[in-house]
4 protein chains.
Amino acid sequence: MQPDSKADSQSARSFIEQARRAQIIDAAITTIADSGYSSASMAQIAKTAGISRGLISYHFANKDELIAQLVIKVYTDAGEYMGARVSTESTPAGQLREYIASNLDYMAVHPKGIIALVEIFSSGALANLPGIDASEGEEQSLAPVVEVFERGQQLGQFADFNPRFMAQALRNVIDGVSPHLSDPQLDLEMYKQQIITMFERATGAQHPSEEVPET
Amino acid sequence: MQPDSKADSQSARSFIEQARRAQIIDAAITTIADSGYSSASMAQIAKTAGISRGLISYHFANKDELIAQLVIKVYTDAGEYMGARVSTESTPAGQLREYIASNLDYMAVHPKGIIALVEIFSSGALANLPGIDASEGEEQSLAPVVEVFERGQQLGQFADFNPRFMAQALRNVIDGVSPHLSDPQLDLEMYKQQIITMFERATGAQHPSEEVPET
Amino acid sequence: MQPDSKADSQSARSFIEQARRAQIIDAAITTIADSGYSSASMAQIAKTAGISRGLISYHFANKDELIAQLVIKVYTDAGEYMGARVSTESTPAGQLREYIASNLDYMAVHPKGIIALVEIFSSGALANLPGIDASEGEEQSLAPVVEVFERGQQLGQFADFNPRFMAQALRNVIDGVSPHLSDPQLDLEMYKQQIITMFERATGAQHPSEEVPET
Amino acid sequence: MQPDSKADSQSARSFIEQARRAQIIDAAITTIADSGYSSASMAQIAKTAGISRGLISYHFANKDELIAQLVIKVYTDAGEYMGARVSTESTPAGQLREYIASNLDYMAVHPKGIIALVEIFSSGALANLPGIDASEGEEQSLAPVVEVFERGQQLGQFADFNPRFMAQALRNVIDGVSPHLSDPQLDLEMYKQQIITMFERATGAQHPSEEVPET
DNA sequence: GATGAATGAGTATTCATTCAT
DNA sequence: CATGAATGAATACTCATTCAT
């Protein structure tokens with residue numbers, strides 16, 4: 001009959017802790033997205049979050065740890081969202097289309113996260129980040145796309161090309177959109193269609209259904 | 001008996017001046033390419049050049065000006081080289097192929113310049129650079145490619161797509177190669193062929209000569 | 001039916017208070033002895049004690065006060081133990097021997113307290129400590145030894161020397177052992193014998209019984 | 001006939017460099033001696049030297065390097081002075097006496113250097129210092145004294161004791177003087193005599209000449 | 001009594017820039 | 001022309017201390 005006040009206060013504290021960490025990560029995302037990685041000092045991030053410098057150090061051991069958590073969060077978020085969307089498709093061509101579409105949709109909803117991620121990646125800051133292996137991360141990022149391409153080629157639904165190169169090219173083209181995310185006039189739908197069409201042509205993608213009518 | 005001695009010494013000074021500036025820019029390129037932009041302090045650049053810190057400040061008002069001149073130099077160099085190569089082709093498809101080929105060839109010959117450029121771009125250092133308008137620079141960089149695409153479409157030799165988008169995509173894919181330039185195992189010829197094939201497919205490029213046999 | 005309940009709860013509080021203070025001081029001793037004074041932050045001490053940072057501040061106004069209490073406690077402890085042992089001897093030579101022996105025995109039993117004390121002293125932290133006058137503390141520390149020396153000289157059982165200097169020298173030699181307390185191979189018995197012999201020679205100590213045979 | 005102006009200016013610069021380094025080291029000595037090692041921040045040292053914070057970093061890579069150079073300088077200075085004095089003696093007893101006398105004389109002339117050295121040693125700052133091995137340094141410091149004792153014992157001119165322990169004790173007693181160096185009333189001559197007498201008794205030192213009269 | 005979140009002053013270090021020589 | 005000594009602002013980080021809960 002007595003509510004577990006201790007567990008309550010503990011979970012409350014844990015909640016506060018989590019909320020603060022999330023708030024700080026959000027402030028870091030905003031700061032990096034708005035001013036670039038090199039201008040994103042701890043002081044600037046604290047200012048954006050409206051808290052003191054020391055509080056960041058209280059919740060994160062390092063700047064490196066903060067950035068690492070930021071990367072993991074955005075990366076995981078985007079990965080979950082895209083993974084769910086891509087898995088609704090079964091054909092390689094459909095998965096390719098959905099991969100592109102879901103990635104751009106995610107960019108539309110969380111533009112700053114994506115901008116920050118690209119800033120961090122392109123600043124070469126990954127090298128120091130604890131628990132983050134840059135080359136392994138790239139591998140993980142590319143692997144699912146490479147697999148889609150390889151399966152498509154085995155099924156004869158994709159033309160001949162180097163799957164790894166094509167996966168890199170796809171990532172480069174998609175990531176190339178992010179610098180424009182700050183532009184209010186950006187037409188993401190147009191980009192989405194252009195990228196889909198471009199890679200359908202580049203891969204020679206054939207949707208199985210398109211071949212059925214032949215018979 | 002020594003006419004124009006004053007003019008001589010002036011032009012000599014001017015020559016020394018130019019030589020010094022070139023030397024410093026080269027040292028900056030080497031330093032940035034080898035150690036990354038964030039590690040490329042003025043002291044480090046001076047050390048690479050084998051001169052004193054102060055001398056850089058004597059020839060360049062700012063670090064920003066030095067970087068700006070570096071960007072302009074590499075950019076101009078590459079532009080001249082590629083322009084000459086592209087202008088040997090007359091058909092849009094041929095020009096596209098030559099644009100890609102010449103760009104990758106330039107990367108093979110001057111990898112450090114390209115690496116430095118990408119380092120600078122991705123460090124967000126452009127924002128401060130005097131005399132360099134990032135969006136204008138992008139415009140200038142994209143314009144010739146956009147023109148090739150538009151002409152190709154008007155001639156019915158390219159499929160339907162947004163030329164500006166396709167130009168950006170091409171730059172993104174080509175620039176995506178540069179992070180690998182440090183890798184000694186990099187096979188630039190493979191990349192060249194893959195990129196050419198990819199964009200021929202993506203643009204639906206038809207070489208006029210291919211159509212002639214029909215008649 | 002529960003008389004003195006207020007007094008009880010007060011003394012209970014007082015007891016808890018005392019226990020907490022002792023617990024915190026012990027944690028401080030362990031932390032300082034194990035990691036050095038400069039690494040002994042309040043957070044580290046709290047962690048060692050298994051309590052929160054704030055609780056230390058609740059029981060001690062200051063870090064300085066905590067350290068002061070620590071110094072007083074170890075100092076008092078050692079003083080009581082040694083005083084009891086020394087008072088079993090009546091001759092100056094015997095007291096000198098017992099002073100040395102009891103001091104080294106105390107170091108053997110409570111090495112961490114001694115190590116912590118030396119760490120604090122040698123870190124120059126004494127200057128700030130409230131309620132602790134360094135020179136007065138030294139005076140108190142030296143006084144009993146000085147008295148032994150003076151009495152011994154008056155009785156003709158010690159040679160001629162400056163008693164205050166000799167007391168300082170004795171403390172310096174004994175304190176010189178403590179940096180080695182962390183060494184598991186330390187042979188304290190050897191040190192004890194060496195120090196005793198050394199100071200018996202240095203003071204020209206004669207045990208009265210040694211002279212009796214003469215008659 | 002032309003003075004080697006280049007060499008001159010180089011040596012002049014080198015001189016300035018050396019002078020600055022010496023000045024900074026002196027400021028560090030003064031600061032540490034006056035305020036203790038833990039209060040001797042780079043800012044404080046710069047203030048004492050009347051220069052900017054950055055200038056110290058310009059001449060010394062690190063605080064650790066600065067402290068290391070300080071230690072080396074004082075240590076070397078004292079070692080040279082004492083070595084010269086001790087080597088004028090041939091008998092172990094004479095060398096012991098001269099070791100003590102020269103050490104105290106050096107303390108009289110350079111009290112702050114000695115105070116700073118003892119502060120640094122006792123603060124446990126040696127562990128980090130580049131190019132300085134604490135235990136090796138102790139070994140080097142003790143070794144010559146140990147040798148004197150061992151030789152004296154072999155010649156039968158010293159009593160039986162552990163030479164290593166006695167060397168440590170001697171260093172402890174001598175170093176125990178340094179905290180009093182700030183005291184203007186300090187009578188170093190008294191200390192010198194007391195320490196010499198003390199260790200002559202403690203070691204049972206016999207000057208060979210003392211034995212001659214017997215015959 | 002006890003917690004731990006929060007602050008702000010303090011630390012060493014880096015670096016573009018200036019200037020007397 | 002050229003040097004390198006010198007400055008000062010900026011950086012990340014540490015930590016004793018405070019306070020609402």
Side-chain angles (χ1 to χ4, degrees), chain A residues 5-6 9-10 12-14 16-17 19-21 38-46 49-66, chain B residues 12-13 16-17 20 38-46 51-67, chain C residues 12-13 16-17 19-20 38-46 51-67, chain D residues 6 9-10 12-14 16-17 19-21 38-46 49-66:
Chain A
S5 69
K6 193 163 188 179
S9 84
Q10 268 195 339
R13 274 185 196 127
S14 185
I16 290 181
E17 164 83 13
R20 268 285 183 234
R21 284 175 71 99
S38 61
S39 300
S41 67
M42 294 291 259
Q44 198 55 237
I45 293 170
I51 58 176
S52 71
R53 241 157 300 141
L55 189 52
I56 300 185
S57 295
Y58 180 78
H59 288 286
F60 296 91
N62 265 348
K63 184 176 190 178
D64 283 346
E65 200 216 324
L66 167 58
Chain B
R13 268 185 202 137
I16 290 182
E17 164 84 12
R20 272 281 186 236
S38 61
S39 299
S41 66
M42 295 289 260
Q44 198 56 235
I45 294 170
I51 60 175
S52 72
R53 276 193 270 284
L55 192 50
I56 299 185
S57 294
Y58 180 81
H59 287 286
F60 296 91
N62 259 347
K63 184 177 193 181
D64 285 344
E65 199 216 323
L66 166 58
I67 302 299
Chain C
R13 268 185 202 134
I16 291 181
E17 165 83 13
R20 271 282 185 236
S38 61
S39 300
S41 65
M42 294 289 259
Q44 197 56 233
I45 294 171
I51 59 174
S52 71
R53 275 192 270 281
L55 191 52
I56 299 184
S57 295
Y58 181 81
H59 287 286
F60 296 91
N62 259 348
K63 185 177 191 179
D64 285 344
E65 200 216 322
L66 166 58
I67 301 300
Chain D
K6 194 163 190 179
S9 85
Q10 268 194 337
R13 274 185 198 129
S14 185
I16 289 181
E17 163 85 12
R20 270 284 184 231
R21 284 174 70 99
S38 61
S39 300
S41 66
M42 294 291 261
Q44 198 55 238
I45 294 170
I51 59 177
S52 71
R53 241 157 300 142
L55 190 52
I56 299 184
S57 295
Y58 180 78
H59 287 285
F60 297 91
N62 265 349
K63 183 175 191 179
D64 283 345
E65 200 216 322
L66 167 58

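Proteins come first, then strands; the chains are lettered A, B, ... in the order of their sequence lines, and each starts at number 1. The model shown is predicted, which means the values in this text are computed figures rather than measured ones.
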- Message: Tell me if a side-chain donor or acceptor on B/Q44 pairs with a main-chain N or O of B/A40 at a distance below 3.5 Å.
- Response: no

- Message: How many whole angstroms separate atom CG of C/D64 from atom C1' of F/dT17?
- Response: 12 Å

- Query: Going from CZ on D/F60 to CD1 on D/I45, what distance comes out if it is rounded to the nearest 0.5 angstrom?
  - Reply: 9.5 Å

- With both distances under 3.5 Å as the test, what is the Watson-Crick or G-U wobble partner of F/dT11? E/dA12

- Query: D/M42 CE to F/dA12 P: how many Å, rounded?
  - Reply: 19 Å

- Query: Would you say F/dA6 has OP1 or OP2 under 4.0 Å from some side-chain N or O of D/Y58?
  - Reply: no

- Below 4.0 Å: OP1/OP2 of E/dT13 and any side-chain N or O of D/N62: yes

- Note, A/I56 side chain near A/K63 side chain (heavy atom, < 4.5 Å): no

- For DNA chain F, whose closest nucleotide is more 5', that of A/K63 or that of C/A40? A/K63

- Message: OP1 or OP2 of E/dA2 versus the side-chain N and O atoms of C/H59: is any pair under 4.0 Å?
- Response: yes

- Message: Rounding to an integer number of Å, can you tell me how far C/L66 CG sits from F/dA16 C1'?
- Response: 12 Å

- Item | A/I45 CD1 to F/dT11 P, straight-line distance once rounded to whole Å | 11 Å

- Note on the structure: Shortest non-hydrogen pair, B/A43 vs B/R53, comes out as CB-NH1, 3.5 Å

- Task: Please measure how far the P atom in F/dT21 lies from the corresponding atom in E/dG1, and state the result in whole Å.
- Result: 22 Å

- Task: Please state how far atom CZ in C/F60 lies from atom C1' in F/dT17, giving the value in whole angstrom units.
- Result: 16 Å

- Item | Partner nucleotide, any strand, of F/dA6 [Watson-Crick/G-U, under 3.5 Å] | E/dT17

Tabulate atom names and distances for all N/O pairs under 3.5 angstrom spanning the protein and nucleotides 8-10 of chain E.
none

- Can you name the nearest heavy-atom pair linking A/M42 to A/L66, along with the distance? SD-CD2, 4.3 Å

- Task: Could you state the atom-to-atom distance from CD of C/E65 to C1' of F/dA16 in whole Å?
- Result: 14 Å

- The residue, B/S57 or C/I51, whose nearest nucleotide of DNA chain E is more 5′ is C/I51

- Message: I'd like to know if the side chain of D/R21 and the backbone of D/H59 have a donor-acceptor N/O pair within less than 3.5 Å.
- Response: yes

- Using heavy atoms to find the nearest nucleotide of DNA chain E for C/I56 and B/S39 separately, return the residue whose nucleotide is more 5′. C/I56

- Task: For E/dG4, take OP1 and OP2 only and decide whether either is under 4.0 Å from a side-chain N or O of A/R20.
- Result: no

